[in-house]
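In what follows, a single structure is set out as structure tokens and then discussed.
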Amino acid sequence: MSQKLLPLNPRQMVGLADGNSFYCSCEESVQPWLYGKPIIVASNNDGCAIAMNRLAKKYVKMGDAMFQITDTIKQHGIVTFSSNYELYGDLSNRMHSIFSSFTPPQL
């Protein structure tokens with residue numbers, strides 16, 4: 001099946017950016033000693049893993065109950081955090097502000 005590329009009007013162009021493992025990247029940005037370590041961020045009540053970086057994804061799956069993976073965490077030296085939505089919101093706003101500086105204003 002061939003795909004036909006249609007010419008886009010600059011007003012119709014879309015950009016996509018993905019903050020890979022965003023919550024973990026936020027934690028790493030304010031605590032540089034975390035670089036190169038597997039990281040998990042837990043849900044509100046620390047019940048389950050809601051975010052993990054690439055290094056932790058080898059051992060843990062999204063939604064795993066934290067009490068069930070304590071041995072895995074210890075065995076692989078995974079650093080865990082409670083979710084910090086204030087930090088994530090602040091860094092997300094900064095990221096979006098930078099992106100918007102490269103785009104024309106909406107008309």
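Of the inter-residue distances, the one linking Lys61 atom NZ with Cys48 atom SG reads 14.0 Å to the nearest 0.5 angstrom. Note: Asn53 CG to Ile39 CD1 = 4.5 Å, rounded to the nearest 0.5 Å. Between the CG atom of Leu34 and the CD atom of Gln31 there is a distance of 5.0 Å, given to the nearest 0.5 Å. If you take CD1 on Ile50 and CG on Asp64, they are separated by 13.0 Å, rounding to the nearest 0.5 Å. The line from CZ of Phe81 to SG of Cys24 is 8.5 Å long, rounded to the nearest 0.5 Å. A distance of 11.5 Å separates CD1 of Ile40 from CG of Asp46, quoted to the nearest 0.5 Å.
Residue Tyr85 is grouped with residue Val41 when hydrophobic side chains (ILVMFWY) are merged at heavy-atom distances under 4.5 angstrom, including chains of intermediate members.
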Inset, instruction - Report the C-alpha separation of Met66 and Ile69 in whole Å, then their side-chain angles, then the decisive distance to 0.1 Å, and conclude whether the side-chain contact (heavy atoms from CB on, under 4.5 Å) test is met. - result: CA-CA 5 Å; Met66 295 298 283; Ile69 59 173; 4.0 Å; yes

Legend entry - Phe22/Met95 under side-chain contact (heavy atoms from CB on, under 4.5 Å): CA gap, chis, key distance, verdict: CA-CA 11 Å; Phe22 187 72; Met95 187 174 72; 4.1 Å; yes

Legend entry - Candidate pair Glu27 and Tyr88, rule side-chain contact (heavy atoms from CB on, under 4.5 Å), full reasoning: CA-CA 8 Å; Glu27 296 293 348; Tyr88 311 148; 2.8 Å; yes

Inset, instruction - Decide yes or no on side-chain contact (heavy atoms from CB on, under 4.5 Å) for Lys37 and Ile78, but give the supporting numbers first. - result: CA-CA 7 Å; Lys37 298 187 183 305; Ile78 300 172; over 6 Å; no

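A pairwise comparison of heavy atoms in Ala49 and Met52 identifies CB-CE, 3.7 Å as the closest pair. Pairing each heavy atom of Met62 with each of Ala51, the nearest pair is SD-N, 4.3 Å. When every heavy atom of Pro38 is checked against every heavy atom of Gly77, the shortest pair comes out as CG-O, 3.9 Å.
In the model, Tyr23 has no side-chain atom that pairs as donor or acceptor with a side-chain atom of Asn84 under 3.5 Å.
A donor-acceptor pair under 3.5 Å is formed between the side chain of Ser25 and the backbone N or O of Asn20. Judged by distance alone, the side chain of Asn93 and the main-chain N or O of Gly89 form a donor-acceptor pair under 3.5 Å. At least one donor-acceptor pair closer than 3.5 Å links the side chain of Ser29 to the backbone N or O of Cys26.
The number of heavy-atom neighbours closer than 6.0 Å to CG of Asn45, taken from other residues, nucleotides and ligands shown, is 12 or below.
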